[in-house]
There are 2 protein chains.
Amino acid sequence: MNKIEAREFKNFAYGHFTKISKALSSPKRFELLDYLAQGPKTVDRLAKETHMSVANTSQHLQALREARLVTSSKVKNHHYYELADNEVAELLQLTKRLAERQFPDMGEVRTLETTAGGSVPVMSSADALEEVASGRAILIDVRAEDEYASRHLTHAVSIPLAQLEEKLEHLPIGKKVIAYCRGAYCLYASDAVRFLRERGFEAYRLDEGPATSAISQELDTAGGKIL
Amino acid sequence: MNKIEAREFKNFAYGHFTKISKALSSPKRFELLDYLAQGPKTVDRLAKETHMSVANTSQHLQALREARLVTSSKVKNHHYYELADNEVAELLQLTKRLAERQFPDMGEVRTLETTAGGSVPVMSSADALEEVASGRAILIDVRAEDEYASRHLTHAVSIPLAQLEEKLEHLPIGKKVIAYCRGAYCLYASDAVRFLRERGFEAYRLDEGPATSAISQELDTAGGKIL
DNA sequence: CATCTATTCAAGTAATTATTTGAATAGATG
DNA sequence: CATCTATTCAAATAATTACTTGAATAGATG
């Protein structure tokens with residue numbers, strides 16, 4: 001075969017593959033995708049969540065759209081962005097898992113129960129499933145309500161972190177409380193656990209979020225209620 | 001929680017995740033990994049296969065090693081690089097699959113049987129499995145011998161492309177010939193198919209290589225012989 | 001031990017990417 | 001219709017990344 005033609009073909013193929021990985025290669029864009037894995041969101045909201053300027057957020061989202069990792073739609077004068085395909089979430093997950101395997105101090109975040117703000121007791125999904133099923137524990141989702149609505153773990157109850165204090169009285173005394181948020185690298189659940197422990201609850205954070213894992217799929221996406 | 005501390009934690013986490021995707025974000029490095037998915041290789045050989053300068057190849061390989069996607073070892077004065085983890089191959093595969101799904105003209109490479117140098121008949125792995133099992137076809141691996149040795153499909157026979165002409169007489173007359181190489185984006189199998197068709201064989205290229213897919217795992221890695 | 005081969009290193013240039021700023025647009029709302 | 005909100009666009013600067021060239025090293029081999 002003609003060498004020039006062959007090179008063009010390879011450039012075409014590898015050029016396309018790397019549109020995907022280029023889009024994933026910026027920490028900010030990776031973080032945006034991580035938020036979008038919780039459900040559709042507006043530019044404005046993503047800008048607040050990631051502490052970026054709106055213009056910068058918009059530009060990153062456009063880059064993600066060009067790489068076909070997200071799609072956008074207009075409702076009134078809000079533009080909603082969302083993941084283009086469930087495989088995008090899988091790609092995020094696989095990348096995280098590989099990072100955890102290959103960089104020892106990454107893996108520790110999950111296993112040694114350390115997070116920013118001090119360490120917090122962690123419970124594995126397998127244990128949590130058992131505790132919740134047996135009625136010894138309740139599972140709370142401390143993300144925003146719409147994220148809970150878009151997808152959550154079975155039997156989880158929605159208590160956004162900001163409302164935890166006011167809803168404290170609704171929590172059953174004597175039961176363990178297992179909190180989760182977006183995943184192991186989101187800090188809301190840790191904040192919730194510290195808050196609850198200061199008030200005498202036996203609280204744990206779940207080692208993952210609703211976007212991941214075989215066990216999460218057993219916990220699943222239905223059930224639960226908004227407290 | 002303290003905001004500065006939280007931001008540092010996120011920078012740490014997302015910074016690590018994107019070490020992986022940054023490493024994958026260059027077409028040349030993606031191509032290098034694709035070659036390394038066939039087995040360990042030296043810098044020199046990779047430079048030839050990818051048509052890059054040795055210095056440039058070496059630098060890219062060092063970047064991949066820093067991202068923990070490959071490891072290196074020294075045998076005499078040859079440095080062998082290889083994939084650090086099987087999940088790296090999975091990541092390549094998932095990225096390719098996503099690109100095929102999201103970019104229509106990418107997907108066509110596989111389904112419309114077009115490749116550089118003119119289109120060539122393609123056979124799916126499922127069909128190939130059946131044809132080979134029933135004895136109506138033979139499966140040939142046209143990659144280098146050491147790549148075949150490192151991992152190949154069951155019942156495949158090794159005939160490196162360069163030796164195809166001299167080994168033509170060993171091919172059974174009247175049987176279909178199904179050729180494969182590194183995967184859908186490698187052109188050796190297409191070259192082999194065109195060569196064989198010009199000489200009267202009913203030849204097809206397999207739609208994937210040994211690094212991928214559920215069906216490949218049925219075809220598997222053992223069996224076969226070097227012709 | 002001189003030389004060869006394989007690989008890495010260092011420096012420089014070219015190219016690409018990220019972020020900020022301020023202006024532009026498009027659709028709601030008073 | 002004037003104004004407000006949400007988002008995008010354009011231009012400029014700062015930062016990072018890619019590739020080339022030529023020299024340096026380290027281990028074989030004659």
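Here is the naming used below: chain letters follow the sequence lines, and residue numbers restart at 1 for every chain. Hydrogens, waters and symmetry mates play no part in the numbers below; they use all other heavy atoms, side chains included.
- Using cut-offs of 30° and 60° for the angle between ring planes, the A:Tyr14 and A:Phe17 rings count as perpendicular.
- Among the protein residues, A:Tyr80 comes within range of no part of the nucleic acid, since none of its heavy atoms lies under 4.0 Å from any strand.
- Residue B:Ala63 is out of contact with every strand shown, counting any heavy-atom pair closer than 4.0 Å.
- Note on A:Thr57: nothing from the nucleic acid sits closer than 4.0 angstrom, heavy atoms only.
- Dashed line: the shortest gap from a side-chain N or O of A:Arg29 to OP1 or OP2 of C:dA18 is under 4.0 Å.
- Bounding nucleotides for the chain B contact on DNA chain D, 5' to 3', at a heavy-atom distance below 4.0 Å, are D:dT17 to D:dA28.
- In this entry the distance linking CG of A:Leu64 with P of C:dA18 reads 10 Å, nearest Å.
- Between its opening and closing five pairs, the helix from C:dC1-D:dG30 to C:dG30-D:dC1 changes axis direction by 10°, a value rounded to 10 degrees.
- Distance CG (A:Leu32) to P (C:dA18): 12 Å, rounded to an integer number of Å.
- Residue B:Tyr188 places its OH atom among 12 or fewer non-hydrogen atoms of other residues, nucleotides or ligands, all under 6.0 Å distant.
- Remark: C1' of C:dA18 and NE2 of A:His60 are 6 Å apart, rounded to the nearest angstrom.
- Remark: B:Arg182 qualifies as a cation-pi partner of B:Tyr35 under the 6.0 Å distance and 45° angle criteria applied to the six-membered ring.
- Each of B:Pro160, B:Cys186, B:Ser190 was evaluated against B:Cys181; a single residue qualifies, B:Cys186, per the side chain to side chain contact (heavy atoms under 4.5 Å, CB included) test.
- When all heavy atoms are compared, the tightest approach of A:Gln102 to B:Arg68 is O-NH1, 2.8 Å.
- Closest approach of A:Tyr185 and A:Glu100 over heavy atoms only: OH-OE2, 2.6 Å.
- Both A:Lys74 and A:Ala55 lie near DNA chain C, and the one whose nearest nucleotide falls closer to the 5' end is A:Ala55.
- Across all strands, A:Val54 comes closer than 4.0 Å to base atoms (heavy-atom distances).
- Heavy-atom minimum distance, B:Glu49 versus B:Glu31: O-OE2, 4.4 Å.
- As a whole-Å value, the separation of B:Gln59 CD from C:dA10 C1' is 9 Å.
- Between B:Tyr81 and B:Asn77, the residue anchored closer to the 5' end of DNA chain C is B:Asn77, taking for each the nucleotide with the nearest heavy atom.
- A:Asp146 has no carboxylate O lying under 4.0 Å from a charged side-chain N of A:Lys41, or vice versa, which leaves the two without a salt bridge.
- By the 4.0 Å N-to-carboxylate-O rule, A:Glu87 lies close enough to B:Arg97 to be salt-bridged with it.
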